[in-house]
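Count residues from 1 along the sequence. From a predicted model like this one, the values you see are computed outputs, not experimental measurements. FYI, side chains are in, hydrogens and waters are out, and symmetry mates aren't considered; it's all heavy atoms of this structure.
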Amino acid sequence: MPAELGKPQRNCYTLPGFDFSYGLYIHSTDGGVPEAIGHWNTVKPRTALVQKMPRDFITMNCGALKAGYTTAREFNLYYKAKDIRCKDDEYSRFKRSPPKVPADFTYGITTRPCTPFFDLLQHKYKELWMEQQRALTAAQRLEKKKKDKVRETRTTVLRKHPLPAKEESFWHLPHLEKVGPHLSTFPDCDARKKVFSASH
């Protein structure tokens, strides 16, 4: 196509008319207000799938034993005749009669208490830790001292507290204990007392 006289050459495509709509045309929502008023586009409810519960072999075995069956073939026939299934949880005893809980009972974890910033600024936790360490060290020293303490024997006790020395008493013959003097060199008793008073 030759270029138009006195006009620049066009390098773009021609656009469609005003009745053209861009994008995907959806029949259910593009009808406007009449479409919304005149039609009820509802989602059909899905039929709930009935879950087939497993067999309750405990109940069936008890029933078969009460009926007098003993062999495996008789048990299988009893299973086919009386197909007992496990009960759903919705009909369980716990859901029918739930445990009594206090009115102010709260489920879950309790809220953590606020951080005491005043104690952090005062280094209170460091001081508490230091006190605990000092107490632990003192207890360890006391325990070590108890272990290191040597048990005293009679020898060590006698070394610290010796027994009083016994006064020596010379041995005398028993028939010479109460014997008076045979000789008296003093002229009389007064002279004897005078000599003893001067010496003592």
Side-chain angles (χ1 to χ4, degrees), residues 51 53-72 75 78 84-200:
Q51 185 181 2
M53 300 300 292
R55 284 181 167 184
D56 191 359
F57 285 101
I58 296 173
T59 309
M60 287 193 292
N61 289 344
C62 289
L65 286 173
K66 286 178 182 177
Y69 300 138
T70 53
T71 62
F75 267 70
Y78 185 85
I84 302 171
R85 300 284 173 171
C86 293
K87 293 181 180 179
D88 194 2
D89 290 341
E90 292 180 359
Y91 303 102
S92 64
R93 184 183 60 80
F94 180 78
K95 290 198 173 182
R96 277 187 279 114
S97 57
K100 293 181 180 180
V101 182
D104 56 348
F105 185 78
T106 306
Y107 291 93
I109 303 170
T110 55
T111 312
R112 189 174 66 87
C114 300
T115 306
F117 286 101
F118 191 70
D119 294 341
L120 291 174
L121 294 172
Q122 281 191 331
H123 302 288
K124 187 176 180 181
Y125 295 107
K126 187 193 83 171
E127 297 297 329
L128 288 172
W129 184 80
M130 292 292 288
E131 287 179 10
Q132 289 175 359
Q133 294 301 314
R134 288 192 201 102
L136 183 63
T137 309
Q140 287 176 351
R141 283 180 183 170
L142 189 64
E143 191 71 24
K144 190 178 180 182
K145 195 179 285 184
K146 284 182 180 178
K147 288 181 180 178
D148 293 344
K149 191 176 181 181
V150 181
R151 189 175 179 181
E152 290 189 350
T153 59
R154 180 171 174 77
T155 309
T156 55
V157 172
L158 289 175
R159 281 177 187 167
K160 290 179 182 177
H161 310 286
L163 294 173
K166 290 183 179 180
E167 294 182 1
E168 288 191 33
S169 60
F170 295 103
W171 181 73
H172 300 282
L173 291 170
H175 62 278
L176 299 175
E177 284 292 326
K178 295 182 179 181
V179 177
H182 290 280
L183 292 174
S184 181
T185 56
F186 297 101
D188 53 2
C189 286
D190 294 332
R192 184 171 178 270
K193 287 178 182 178
K194 189 176 180 182
V195 170
F196 273 104
S197 63
S199 63
H200 294 290

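With values rounded to the nearest 0.5 angstrom, R134 atom CZ is found 10.0 Å from W129 atom CH2. Separating the CD1 atom in I84 from the CD1 atom in I58 is a distance of 11.5 Å, to the nearest 0.5 Å. From E127, atom CD reaches atom CE of M130 across 7.0 Å, with rounding to the nearest 0.5 Å. With rounding to the nearest 0.5 angstrom, the CG atom of L142 is 12.5 Å from the OG1 atom of T137. To the nearest 0.5 Å, atoms CG (D119) and NZ (K126) are separated by 14.0 Å. To the nearest 0.5 Å, atom CE of residue M60 and atom OH of residue Y69 are 14.0 Å apart.
Closest non-hydrogen pair, D56 versus T59, comes out as OD2-OG1, 2.6 Å. For the residue pair F75 and A64, the shortest heavy atom distance occurs at CE2-CB, 3.8 Å. Listed here is the closest heavy atom pair of C86 and M53: O-CB, 3.3 Å. The heavy-atom pair separating R192 from F186 by the smallest distance is CG-CD1, 3.5 Å.
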